[in-house]
Amino acid sequence: MLDIKVLRENPDAARAGAIKKRLPDRAQAVDRALAIDAELRALTPKLDGMRGEQKNASKALGKLSAAEREPFLQKQKELKAEIGVLEEREKQLEADLKQQLSLVPNIPDEDVPEGKDDTENQETKRWGSVRDFGFTPKGHDEIAEAQGWLDTKRASDMAGSRNYFLFGDLALLHDAVLRFAVDLLVGRGFTAVDPPLLVRDAAMFGTGFFPGGEEQTYRAEKDELNLIGTAEVPVTSLHSGEMLAEDQLPKKYVARSMCFRREAGTYGKDQRGLYRVHQFQKVEQVIVDIADKARSIAHHHDIVKNAEDLLQACELPYRIVAVCGGDLGVPQAMKYDIETWMPSRGNYCETHSASRFYDYQARRLSLRYRPKDGGKVLFCHTLNNTVIASPRVLIPLLENHQQKDGTVRLPQVLRPYLGGREVLGRPIW
RNA sequence: GGAGAGGUGGCAGAGUGGCCUAUUGCAUCACCUUGCUAAGGUGAAGUACCGGCAACGGUACCGGGGGUUCGAAUCCCCCCCUCUCCGCCA
């Protein structure tokens, strides 16, 4: 959520931001919010005056005897009725304002490239070289099925498409890479978190997934809870409603959790293998810090670096793209995606997503801190990035490190998690 | 699932219809005192919105929402959360 003051002072920036994100209907929310705000600003002083009058009269009444009160009571009742009508209007306007304001997207930063969708994201870095196999490489699903590591057929029969069973060494590799990611971040001062997976609407709203993301979310209607699509939701909401002290900041968390996504509207897309599935595990890094743009940007680079270091340790070629306006989500101010080379897809594909929000989420969550210098209470800045998401990362791991005979070479850093083994699987081909 | 007790400012904790403009303590900030330390004294200070260049003034806020009343932290209803006991259970 943006500050209504920002909208008053610079509505053009908010409108232009929505346009840059290719969300023209959200740009209209700026004007609707301002219209409601104007009416509210006319109403509030009037109501305040009336309430003051009522309050003073009540106080005077309290000092009178029952008989003396009588003549004044009628007037008080009339005033009360008048106030009641206006208060109802005020309440309606406040609710409408919050609704419209929550539809206004965060303003994309200057370093967000113009563009309509993910085809116009801008590459900023490339690391590693695409391997020359010397044989025809197989897809991850082919390798995994041949090794007896993967069954999507039975999973789909039982649970619907985009589900999977992992078995044996692939199930262990899945756990190993997640565990490695947690250990890497804990070693860099992040606090490990195991968060709730079912959350109330307030957490979904606060992190900016609602309104808008309802179709993407599994909902437990009976309990009015939502299955999280990312640990960003519970972890960023962790200090919601709190007033932190500046010396408690920054808060750095690394959460490993299950993630659930309906993937509605993606029929036919990425249907095979482990790329797009309904449930997966993700290790997510979340930072909450003071309201300082330069520090947010520095954190942003740091969390991208953490993910890069993990990919480099796993010997996986990747590139970084600056996500363009049209591909940017509603709450983000700027986002880098990291795309890892997947031989079967012949392309770099998204495995990580690093976002900075400034105070957009914090305002929705009421996540504030008291500055050391005793100044005004401020909203925090928040950021997050994937460290690893699996089984998606198993695609590049299997495909880039496959050998001619169908076995898979393990990167050095993962070996301790798999009993010191250097190779997984048995020769097939 | 059943029964009971609670939720008050950054924290602790008083407050059972008008003297609440929320007592007090801790922590915070400023100044003073005691040769250091420990401690003591005086004062300032909640959050949001509105008006004002400002000092300041007004209104709202006592877990959330609704109600009763001229007037609600206080009484009533619904919801959320915490604690205790019972039941069930990995």
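Quick note on labels: first sequence line is chain A, next is B, and so on, each numbered from 1.
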Nearest-Å distance for atom pair [atom1]/[atom2], residues [X] and [N]:
X	N	atom1	atom2	value
A/E87	B/rA60	CD	P	9 Å
A/R368	B/rU47	CZ	P	8 Å
A/L40	B/rG51	CG	P	11 Å
A/K91	B/rC61	NZ	P	11 Å
A/L225	B/rC80	CG	P	11 Å
A/L86	B/rU59	CG	C1'	14 Å
A/Q92	B/rG66	CD	P	12 Å
A/E90	B/rU59	CD	C1'	9 Å

Rounded [atom1] spacing from [N] to [M] in Å:
N	M	atom1	result
B/rA27	B/rU42	P	15 Å
B/rG6	B/rA44	C1'	34 Å
B/rC75	B/rG15	C1'	16 Å
B/rC79	B/rA22	C1'	26 Å
B/rC29	B/rU16	P	35 Å
B/rU21	B/rG71	C1'	15 Å
B/rC77	B/rU69	C1'	16 Å
B/rG67	B/rC53	C1'	44 Å

Looking at every non-hydrogen atom in both residues, tell me the closest pair between A/Y369 and A/P371 and how far apart they are.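 Of all heavy-atom pairs spanning A/Y369 and A/P371, the closest is O-CD, 3.5 Å.
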How close do A/Y358 and A/S296 get, counting heavy atoms only, and between which atoms?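 Minimum heavy-atom contact is CE2-CB, 3.8 Å.
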[N] OP1/OP2 closer than 4.0 Å to side-chain N/O of [X]:
X	N	value
A/R8	B/rC50	yes
A/R200	B/rC81	yes
A/R370	B/rG46	no
A/Q54	B/rG71	yes
A/K376	B/rA48	yes
A/K55	B/rA60	yes
A/K5	B/rC49	yes
A/K59	B/rG71	no

May I ask you to check if A/K293 and A/F357 form a cation-pi contact, with NZ or CZ under 6.0 angstrom from the six-membered ring centre and within 45° of the axis? no
Are A/R392 and A/Y275 in a cation-pi contact, defined as NZ or CZ under 6.0 Å from the six-membered ring centre and within 45° of the axis?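 Yes, cation above the ring, under 6.0 Å and within 45°.
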Using heavy atoms to find the nearest nucleotide of RNA chain B for A/S58 and A/T44 separately, return the residue whose nucleotide is more 5′.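 Mapping each residue to its closest nucleotide by heavy atoms, the 5'-most match is A/S58.
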By nearest nucleotide on RNA chain B, pick out whichever of A/L47 and A/V377 is the more 5' one.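 Looking at the nearest nucleotide for each, A/V377 comes out on the 5' side.
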What nucleic acid atoms does A/K80 come within less than 4.0 Å of, heavy atoms only: base, sugar-phosphate, or nothing? base
Using a 4.0 Å heavy-atom cut-off, does A/K46 contact any base of the nucleic acid, only the sugar-phosphate backbone, or nothing at all? nothing
Polar side-chain atom of A/R364 near backbone of A/S102 as donor-acceptor pair, under 3.5 Å: yes
Among B/rG51, B/rU59, B/rC70, the one nearest A/D48 by side-chain distance: B/rU59
Answer yes or no: does atom CZ of A/R188 have more than 12 heavy-atom neighbours from other residues, nucleotides or ligands under 6.0 Å?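 Above 12, so yes.
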Pairing partner of [N] (Watson-Crick or G-U wobble, both distances under 3.5 Å):
N	result
B/rA90	none
B/rC49	B/rG58
B/rC31	B/rG41
B/rA3	B/rU84

Between the side chains of A/D169 and A/R421, is the shortest nitrogen-to-carboxylate-oxygen separation below 4.0 Å, so that they form an ion pair? yes
